[in-house]
Amino acid sequence: MLQLKSTLIEFLKCKVGDGCNTSFWYDTWTNFGQLITFIGDAGPRQLRIRKDAKVADAVRNGDWNLPAARSNNSLTLLAALTELPAPTSTSGADSFLWRNATGNFSSSFSSKETWEQLRVHSPPVPLAAVVWFCEHVPRFSFITWLAVLQRFPTRDHLRGWGMNILAACVLCSTGLESHHHMFFNCSYSSEIWCSFASRVLPIPPRSIDEAISQILLLNQPHQAMDSAILKLLLQTVVYHLWKERNSRIFSATSSPPAALRLVMDRSMRDKLLSFPGHSVDSSLFLTYFTRFWPHL
């Protein structure tokens with residue numbers, strides 16, 4: 001909490017008017033930050049200014065009213081105040097300013113600019129463009145993100161944690177269940193994935209990482225439609241495969257590949273139809289309908 005308060009102080013600066021609302025010791029109204037920090041805890045005693053005093057309390061008859069300096073920092077402050085006009089009742093009310101992205105202070109506050117200054121900037125991750133994009137479905141993106149990071153509790157992970165469970169894949173019952181197997185080395189998931197992806201990618205990738213790499217290669221303007229559809233398609237397939245896997249475990253219900261393909265197709269069309277008309281995105285549905293749907 002103290003660290004957050006200290007950080008916020010760095011982004012706030014007071015523009016002194018009449019000095020009645022600005023704390024002498026705890027608001028940033030000079031270039032030295034908080035004076036209680038700059039001069040120290042002994043500052044109120046040295047300058048004979050109470051801790052709860054306002055800037056106006058350091059003024060008498062229109063001039064600064066402070067005793068002789070008793071430390072180097074106090075001397076620095078007094079020297080700086082000779083360049084700063086004393087607050088007067090005709091100067092208007094005090095106002096607080098926010099530091100913007102350029103390092104200057106202004107009266108307007110921008111949460112974006114403040115966050116950009118607070119956060120630790122890391123190099124962009126290529127997969128972000130495939131997981132988070134304009135046409136994404138939030139819950140699909142989240143599940144895809146977990147799949148890419150291999151954070152699902154697949155059976156190989158559960159057995160590694162000491163759980164006594166079967167190792168066979170829930171979807172195909174032949175391979176050992178793992179992230180790599182489920183997406184898309186499993187015969188069940190591979191059949192579904194390839195039935196969609198093969199319409200755009202001649203050789204559909206057999207893993208999520210390979211799928212992301214191939215989608216990122218579709219960076220030409222004339223490939224924008226295919227790229228957007230494949231991003232959404234990858235997420236739709238991953239989401240419904242994981243959902244199917246959990247349904248078989250917890251609900252004892254299963255769907256054949258053909259039935260699950262229809263569910264995924266319905267999900268794709270519902271999302272593509274949701275885009276507003278008279279925009280570039282509105283043709284995504286037509287592209288999907290002409291290239292994918294007749295073959296399902």
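Phe109 and Trp98 have their aromatic ring centers within a separation under 6.0 angstrom. Ring to ring, Trp193 and Phe183 are not that close: their centroids are 6.0 angstrom or more apart. Aromatic pair His157/Phe152: centroids not less than 6.0 angstrom apart.
Nearest heavy-atom pair, Cys14 versus Asp94, reported as atom, atom and distance to 0.1 Å: SG-CB, 4.0 Å.
In terms of modelled atom types and a separation under 3.5 Å, the side chain of His136 and the main chain of Gln235 share no donor-acceptor contact. Checking side-chain atoms of Trp25 against main-chain N and O of Ala53 turns up no donor-acceptor pair under 3.5 Å. With Ser251 contributing its side chain and Thr253 its backbone, the two residues share no donor-acceptor pair below 3.5 Å. No side-chain donor-acceptor contact under 3.5 Å links Gln150 to the backbone of His179. A donor-acceptor pair is defined here as one N or O able to donate and one able to accept, closer than 3.5 Å; such a pair exists between the side chain of Ser213 and the backbone of Asp209. Here the side chain of Ser274 pairs a donor or acceptor atom with the backbone of Lys271 at under 3.5 angstrom.
Inspection of the Thr88 and Thr90 side chains reveals an N or O donor paired with an N or O acceptor under 3.5 Å. At a cut-off of 3.5 Å, with distance as the only test, a side-chain donor of Asn31 or Lys13 sits close to an acceptor on the other residue.
The structure places CD1 of Ile203 at 8.0 Å from CD of Gln214, a figure rounded to the nearest 0.5 Å. In this structure, NZ in Lys231 is found 7.0 Å from CG in Leu216, a value given to the nearest 0.5 Å. One distance of note links OG1 of Thr144 with CG of Leu149; it measures 10.5 Å at 0.5 Å rounding.
Geometric assessment of Arg248 against the ring of Tyr188 yields a positive cation-pi assignment under the 6.0 Å and 45° thresholds. For the pair Arg206 and Phe184, the cation-pi test (distance below 6.0 Å, angle within 45°) is failed. Taking the ring axis of Phe196 as reference, the NZ or CZ atom of Arg261 does not stay both within 45° of it and closer than 6.0 Å to the ring centre.
Taking the six-membered ring for Trp and thresholds of 30 and 60 degrees, Phe140 and His240 have ring planes more than 60 degrees apart, a perpendicular arrangement.
For CD1 of Ile165, the number of neighbouring non-hydrogen atoms (other residues, nucleotides, ligands) closer than 6.0 Å is greater than 12.
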Atom pairs and distances, side-chain donor-acceptor, residues 74-85, under 3.5 Å, sequence neighbours left out:
residue	atom	partner	partner atom	Å
Ser74	OG	Gln46	OE1	3.2
Ser74	OG	Ser71	OG	2.8
Thr76	OG1	Asn72	O	3.0
Thr82	OG1	Ala79	O	2.4

